[in-house]
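To start, the structure itself, in structure tokens.
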2 protein chains.
Amino acid sequence: MNPTIELLKSHRSIRKFTDQPVSRELLETLIEAGQAAATSSHVQAYSVIHVTNPANREAIAELAGGQSYVATCGAFLLFCADMKRPTEAAERTGARVVRGMTEQLLVASVDTALMAQNVAIAAESAGLGICYIGGIRNNPQQISDLVGIPDHVFPVFGMCLGYPAHDPDVKPRLPVEAILKEDTYTDDREQVAAYDDAMHAYYQSRKGGPKDTTWSRNLTPLFDTKLRPHMREFLVKRGFEMK
Amino acid sequence: MNPTIELLKSHRSIRKFTDQPVSRELLETLIEAGQAAATSSHVQAYSVIHVTNPANREAIAELAGGQSYVATCGAFLLFCADMKRPTEAAERTGARVVRGMTEQLLVASVDTALMAQNVAIAAESAGLGICYIGGIRNNPQQISDLVGIPDHVFPVFGMCLGYPAHDPDVKPRLPVEAILKEDTYTDDREQVAAYDDAMHAYYQSRKGGPKDTTWSRNLTPLFDTKLRPHMREFLVKRGFEMK
């Protein structure tokens, strides 16, 4: 294992940060590292909003489900899927542009995620800790309004960055045999059962205090209700019609 | 700049590979590095199919739009968004599960992309080159049938991996000032114009031979027709109804 792979395998979400600020120079380096990720047809369908306004940071922390570290971390970034820039650029060359295709939603979401993951790794390589904030999809319209996100752009997730002030455990992942399949998709319920045992043991001994659960049981609240049922209407309204 | 950030910034797609195989041990290391990426609520909504069958590799190369390196690269991986494993795991604990939410499509697509980008970086850190293959969405149903992808799972993109047999240029990206916005979304057409000039110069001098175009002009074929218009129906049929 080389140092980069060791770094990748040591990731855990950081939610407590020291007061040390993230310098502007470092922030730009991280974004440039993000932009170096692969992008579908070189479309670069993303924008990143660096939220520094304290009132907006507090508001987003609340709107994301009461995640106070959105307000307290060294830097908070909103990663947006951006189909406005490339479609308008094509229009300025005279192209008649089609918007709202499902494929465009996928391209922009995947482009944004690849870019963000490079930012995350660059940040961790520089001694920062990070935490993705999917909770911004709890209230995507209000958050879009706060920072003036226009049509054909939407916030996919946020990211807290800063110098770590705690040292949480690395959470075990599913067995590689469940994820990596040879030539055909195969059932993996045996590996899931073994993983449930491993996660039960992890939850008993983790630094954050014991919890009597498994991976499978933890998933129930994700699936037994309509998770973020406003997302379809929100996306359609912002010009991602999923045609 | 540390070595990890240098690595991130040196990415370019590799499409010509030596005959040196990718060892099974390395492949598993890469997937484990992928799994270490952040995942929404720890759902790990992805599977990776390692396609080794030569006939299937040839077929996928054709179905992805005639990308011969899918057949010739050292290892070819299909990255799939997987909502089957977690929803069925929750069901086995007695949960009544809701499927087909738009939010679930986003969660699984983003989880898959974060994971894949870690695989890409781990691969590049080990001396491999990679190329994402979005072209598998040209014919996602046929490719799903070839490798037995079930409902609630869909192939988001492929990835070619192998030891590089060419050394293409790193393509310039949009100016960081266009991507990184302070507190509010701001117009970036000036930066796009400057970038069009930079890309025009790049296309004139690149190793692959000169081409008289800009970034904005290159985008026209992406947007002046309905790109991959089958994606909506495909996803709905496979259980991603975007409700």
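Chain letters run A, B, ... following the sequence lines, proteins first and then strands; every chain starts at 1.
Interface residue T52(B): backbone and side-chain heavy atoms are both found under 4.5 Å from chain A. With a 4.5 angstrom heavy-atom cutoff, F76(A) does not touch chain B via any of its atoms. Interface remark: S47(A) contributes backbone and side-chain atoms alike to the contact with chain B (heavy atom separation under 4.5 Å). At a 4.5 Å heavy-atom cutoff, R99(A) makes no contact with chain B through either its backbone or its side chain. Of the two parts of P172(A), only the backbone, made up of N, CA, C and O, holds a non-hydrogen atom closer than 4.5 Å to a non-hydrogen atom of chain B. For T225(A), the part lying near chain B is the backbone, with the side chain staying farther off; criterion is any non-hydrogen pair under 4.5 Å. Interface residue M242(A): backbone and side-chain heavy atoms are both found under 4.5 Å from chain B. Only the backbone of K243(B) comes within contact range of chain A, with heavy atoms under 4.5 Å apart. Residue contact with chain B, scored on non-hydrogen atoms closer than 4.5 Å, is absent for L26(A). Both the backbone and the side chain of I179(A) come within less than 4.5 Å of a heavy atom of chain B.
Nearest heavy-atom pair, N2(A) versus S125(B), reported as atom, atom and distance to 0.1 Å: ND2-OG, 2.9 Å.
No side-chain donor-acceptor contact under 3.5 Å links D224(B) to the backbone of R96(A). At distances below 3.5 Å, at least one donor-acceptor pair connects side-chain atoms of R85(A) with backbone N or O atoms of A178(B).
E103(B) pairs in a side chain to side chain donor-acceptor pair (under 3.5 Å) with only one of the listed residues (R228(A), R232(A), H230(A)), which is R228(A).
Using a cutoff of 4.0 Å between basic side-chain nitrogens and carboxylate oxygens, E182(B) and R24(A) are scored as salt-bridged.
Residues satisfying the ring-ring contact (aromatic ring centres under 6.0 Å, His included) criterion with F223(B), sequence neighbours excluded, are absent altogether.
Applying the salt bridge (Lys or Arg N to Asp or Glu O under 4.0 Å) definition to pairs two or more places apart or across chains, those involving residues 32-56 of chain A are E32(A)-K9(B).
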